[in-house]
Visitor: 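Below: one structure in structure tokens.
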Amino acid sequence: MAPPKPRQRRQWHLRLLLVAAVACSLLSACGAAASMGTLSLRHKPRRHDGGGGRRRGGGGGVRPGTGMASCNMFQGSWVYDDTLPMYDTAGCPFVEPEFDCQKYGRPDKQYLKYRWRPASCELPRFNGQDFLRRWKGKKILFVGDSLSLNQWESLACMLHAAAPAAKTSYTKGNPVSTITFQDYGLSVAYYRSTYLVDIVQESVGRVLKLDSITGDAWLSADVLIFNTWHWWTHTGNDQPWDYVQDGGQVMKDMDRLTAFSKGMSTWARWVDSNVDTSRTKVYFQGISPTHYNGAEWGERSRSCAQQTQPVAGSSYPAGPVPAQNAVRAALSGMSKPVFLLDITLLSQLRRDGHPSAYSGGHPGNDCSHWCLAGVPDTWNQILYASLLA
């Protein structure tokens, strides 16, 4: 065959360029569509009203699970949101004096106006009426120390604000207290267990048993949210045990982080052996930080007292809390699924969220617990988002 003439070669070249252009255009469109598909899966578009509309009382709809399956809800920053708080504690009958900071004289209100915004998605706003309907006839149980109490009362107030006319009953006791939303048959309860593992009175005194849990009372719940750490560092008169037992060895004391790790391993084995996770969702609350030492965020002589704004940005200068590693190690070895409410970082950034001196009749400066309304509302918003996902 004779080689093509120069004119023919130019025509073929132009045709090839045209085909290539069309193909490139098609490929670009497909690539853009694939990219948008990924974005729509992973991200919820930002609203431009700064707050995502009114949030009080849990009104408005959400699309269940929008982007939540692939969202890291625990990395982000706090943004000002004038639509907050979601409730007024003056209208909530379930709040302990130690958490009701406005009632006991806190002069500022800016701490009530911050919303957690993850870096990779937008959290669905809390819809209390949807929550009540979804969990109608069920039992939600918080098990742990006073940080569990903090979160339990927060959720009760959020649900009460969503259905203020609903009939409720409140039974307060030790170790268990229960709030029932009677119109929905939903009970939200708190079981006080500061260490999760047992403290037993024996001839030598009170013994903290690192390898023993008596948790039969917890097994009837449909959602279990566990928490412990706060009391593991207590010493002296604040320590509610005299000896600690590890296996066959009884001792006066031991490294507290080591003891906590052993206790967490016992809890993990207990969940694996006893909880039917096909009917019960299990959560671990994570480590709630304190703000007694201003050096952690660059203010050497300051504590949480008189703080009115979060730490700026999305990282905490002092870094992670060592107990977080013990929690993750325990969860990583489990055969049953447990959702970690990894609240540490987002709470570390809220140096302004504590009762400080405004905690009812409790003396001193409380930089451990949280004002209500406040930071625990965000813990429950994330709990709600995880239930949707």
Visitor: Donor-acceptor pair, distance only, cut-off 3.5 Å: does the side chain of Glu202 make one with the backbone of Val204?
Guide: no
Visitor: From Arg125 CZ over to Gln381 CD, what is the distance, rounded to the nearest 0.5 angstrom?
Guide: 10.5 Å
Visitor: Are Tyr384 and Asn127 close enough that a side-chain donor and a side-chain acceptor fall under 3.5 Å?
Guide: no
Visitor: More than 12 foreign heavy atoms under 6.0 Å from CD of Gln306: is that the case here?
Guide: no
Visitor: Please check if Val143 and Leu147 belong to a single hydrophobic cluster, counting links between Ile, Leu, Val, Met, Phe, Trp and Tyr side chain heavy atoms closer than 4.5 Å.
Guide: no
Visitor: State, yes or no, whether a side-chain contact exists between Lys139 and Val188 at a heavy-atom distance under 4.5 Å.
Guide: no
Visitor: Is it true that Asp211 and Lys262 have a side-chain N and a carboxylate O under 4.0 angstrom from each other?
Guide: no
Visitor: Looking only at side-chain N and O atoms, does Asp377 offer a donor or acceptor that is under 3.5 Å from a partner on Ser154?
Guide: yes
Visitor: Treat each ILVMFWY residue as a node, draw an edge where side-chain heavy atoms are under 4.5 Å apart, and state whether Val375 and Val95 are in one component.
Guide: yes
Visitor: Using the six-membered ring wherever Trp is involved, compare the ring planes of Phe99 and His369 and label them parallel, tilted or perpendicular (cut-offs 30° and 60°).
Guide: tilted
Visitor: How long is the span from the SG atom in Cys371 to the CG atom in Leu112, to the nearest 0.5 Å?
Guide: 7.5 Å
Visitor: Between Phe226 and Trp270, how do the two ring planes meet: parallel, tilted or perpendicular, split at 30° and 60°?
Guide: perpendicular
Visitor: Decide salt bridge (Lys or Arg N to Asp or Glu O under 4.0 Å) for Arg279 and Asp222; before the verdict, give the C-alpha distance in whole Å, the side-chain angles of both, and the deciding distance to 0.1 Å.
Guide: CA-CA 6 Å; Arg279 64 167 296 273; Asp222 299 282; 3.3 Å; yes
Visitor: Decide if atom NZ of Lys138 counts as having more than 12 heavy atoms of other residues, nucleotides or ligands within a radius under 6.0 Å.
Guide: no
Visitor: Any side-chain heavy atom of Lys172 within less than 4.5 Å of one from Tyr170?
Guide: yes
Visitor: Going by heavy atoms in the side chains, are Tyr104 and Pro355 under 4.5 Å from each other?
Guide: no
Visitor: Can you measure from OG (Ser368) to CG (Asp145) and round to the nearest 0.5 angstrom?
Guide: 10.0 Å
Visitor: For side-chain contact (heavy atoms from CB on, under 4.5 Å), just list the numbers for Leu186 and Ile140, CA-CA rounded to whole Å, side-chain angles, deciding distance to a tenth of an Å, and then say yes or no.
Guide: CA-CA 8 Å; Leu186 170 64; Ile140 297 171; 4.1 Å; yes
Visitor: Please determine whether a side-chain nitrogen of the Lys or Arg among Asp82 and Lys113 lies less than 4.0 Å from a carboxylate oxygen of the Asp or Glu.
Guide: yes
Visitor: With distance as the sole test, does Thr180 use its side chain to make a donor-acceptor pair with the main-chain N or O of Gln182 at under 3.5 Å?
Guide: no
Visitor: Below 30° counts as parallel, above 60° as perpendicular, anything between as tilted: where do the rings of Trp231 and His234 land?
Guide: tilted
Visitor: When you measure from the side chain of Arg351 to the backbone of Gln309, do you find a donor-acceptor pair of N or O atoms at a distance under 3.5 Å?
Guide: yes
Visitor: Taking Trp267 as the fixed residue, which of Phe260, Phe284, Trp229 is the one that meets the ring pair (Phe, Tyr, Trp, His ring centres under 6.0 Å) rule?
Guide: Phe284
Visitor: Looking at OG1 of Thr214 and CG of Asp198, how far apart are the two atoms once the value is rounded to the nearest 0.5 Å?
Guide: 3.5 Å
Visitor: Any ion pair linking Arg206 and Asp242 (charged N to carboxylate O, less than 4.0 Å)?
Guide: yes
Visitor: Between the side chain of Asp366 and the main-chain N/O of Ser356, is any donor-acceptor distance below 3.5 Å?
Guide: no
Visitor: Taking C-beta and beyond as the side chain, do Tyr316 and Leu345 meet within less than 4.5 Å on heavy atoms?
Guide: yes
Visitor: Assess the residue pair Asn72 and Ser120 against the criterion (side-chain hydrogen bond (donor to acceptor under 3.5 Å, both in side chains)); give the C-alpha distance rounded to whole Å, side-chain angles, the decisive distance to 0.1 Å, and a yes or no.
Guide: CA-CA 7 Å; Asn72 184 343; Ser120 58; over 6 Å; no
Visitor: Mind telling me whether Tyr191 and Trp218 have parallel, tilted or perpendicular rings, with 30° and 60° as the class edges?
Guide: perpendicular
Visitor: Is there a donor-acceptor pair under 3.5 Å between the side chain of Ser332 and the backbone N or O of Ala329?
Guide: yes
Visitor: Might you confirm whether atom CZ of Arg300 has over 12 heavy atoms from other residues, nucleotides or ligands at distances under 6.0 Å?
Guide: no
Visitor: Heavy atoms only: give me the nearest Pro322-Leu257 pair and the separation to one decimal.
Guide: CB-CD2, 3.9 Å
Visitor: If every non-hydrogen atom of Leu123 is compared with every non-hydrogen atom of Ala385, which pair is closest and at what distance?
Guide: CD2-CB, 4.2 Å
Visitor: Which label fits Tyr114 and Tyr80: parallel for a plane angle under 30°, tilted from 30 to 60°, or perpendicular past 60°?
Guide: perpendicular
Visitor: Could you check Arg269 against Thr266 for side-chain hydrogen bond (donor to acceptor under 3.5 Å, both in side chains), going step by step and ending with a plain yes or no?
Guide: CA-CA 5 Å; Arg269 290 193 299 272; Thr266 298; 3.2 Å; yes
Visitor: For Trp116 and Pro118, work out which heavy atoms get closest and say how close.
Guide: O-CD, 3.7 Å
Visitor: Answer yes or no: is there an ion pair linking Asp342 with Arg328, defined by an N-O contact shorter than 4.0 Å?
Guide: yes
Visitor: Find out if a path of hydrophobic residues (ILVMFWY) with successive side-chain heavy-atom gaps under 4.5 Å connects Ile287 to Phe142.
Guide: no
Visitor: Where does the angle between the aromatic ring planes of Tyr195 and Trp232 fall among parallel (under 30°), tilted (30 to 60°) and perpendicular (over 60°)?
Guide: perpendicular
Visitor: Using the benzene-type ring in the case of Trp, are the ring centres of Trp152 and Phe94 under 6.0 Å apart?
Guide: no
Visitor: Give a yes or no answer on whether the side chain of Asp255 reaches the backbone of Thr258 with a donor-acceptor pair at less than 3.5 Å.
Guide: yes
Visitor: Would a hydrophobic clustering, with Ile, Leu, Val, Met, Phe, Trp and Tyr connected at side-chain separations under 4.5 Å, put Leu141 with Phe339?
Guide: no
Visitor: Considering all heavy atoms of both residues, which atom of Tyr111 and which atom of Asp352 are nearest to each other, and what is their separation?
Guide: CB-OD2, 3.5 Å
Visitor: Same cluster or not: are Ile343 and Val321 linked, directly or through other Ile, Leu, Val, Met, Phe, Trp or Tyr residues, by side-chain heavy atoms under 4.5 angstrom apart?
Guide: no
Visitor: Would you call Lys209 and Asp246 a side-chain contact if the rule is heavy atoms closer than 4.5 Å?
Guide: no
Visitor: Kindly give the heavy-atom pair with the smallest separation between Phe181 and His160, and that separation in Å.
Guide: CE2-N, 3.8 Å
Visitor: Find the distance between NZ (Lys336) and OG (Ser273) and round it off to the nearest 0.5 Å.
Guide: 7.5 Å
Visitor: State plainly whether the residues Arg302 and Glu296 are in salt-bridge range, i.e. N to O under 4.0 Å.
Guide: no
Visitor: With distance as the sole criterion, is a donor-acceptor pair present between the side chains of Glu299 and Gln307 under 3.5 Å?
Guide: yes
Visitor: Under a plain distance cut-off of 3.5 Å, with no hydrogens placed, do Asn365 and Tyr292 share a side-chain donor-acceptor pair?
Guide: no
Visitor: Quick one, Thr277 and Val282 - any side-chain contact, counting heavy atoms below 4.5 Å?
Guide: yes
Visitor: Do Trp78 and Leu346 have side-chain heavy atoms sitting under 4.5 Å apart?
Guide: yes
Visitor: Given side-chain hydrogen bond (donor to acceptor under 3.5 Å, both in side chains), test Ser347 with Trp370 step by step and report yes or no.
Guide: CA-CA 10 Å; Ser347 304; Trp370 304 92; 5.4 Å; no
Visitor: Quick check on Lys281: does its NZ atom have over 12 non-hydrogen neighbours (other residues, nucleotides or ligands) under 6.0 Å away?
Guide: no
Visitor: Among Val223, Leu224, Ile382, find the one that has a side-chain contact (heavy atoms from CB on, under 4.5 Å) with Tyr283.
Guide: Val223
Visitor: Could you state the interatomic distance from CG (Leu208) to OG1 (Thr194), rounded to the nearest 0.5 Å?
Guide: 8.5 Å
Visitor: Please name the pair of heavy atoms, one in His354 and one in Cys367, separated by the smallest distance, quoted to 0.1 Å.
Guide: CE1-O, 3.1 Å
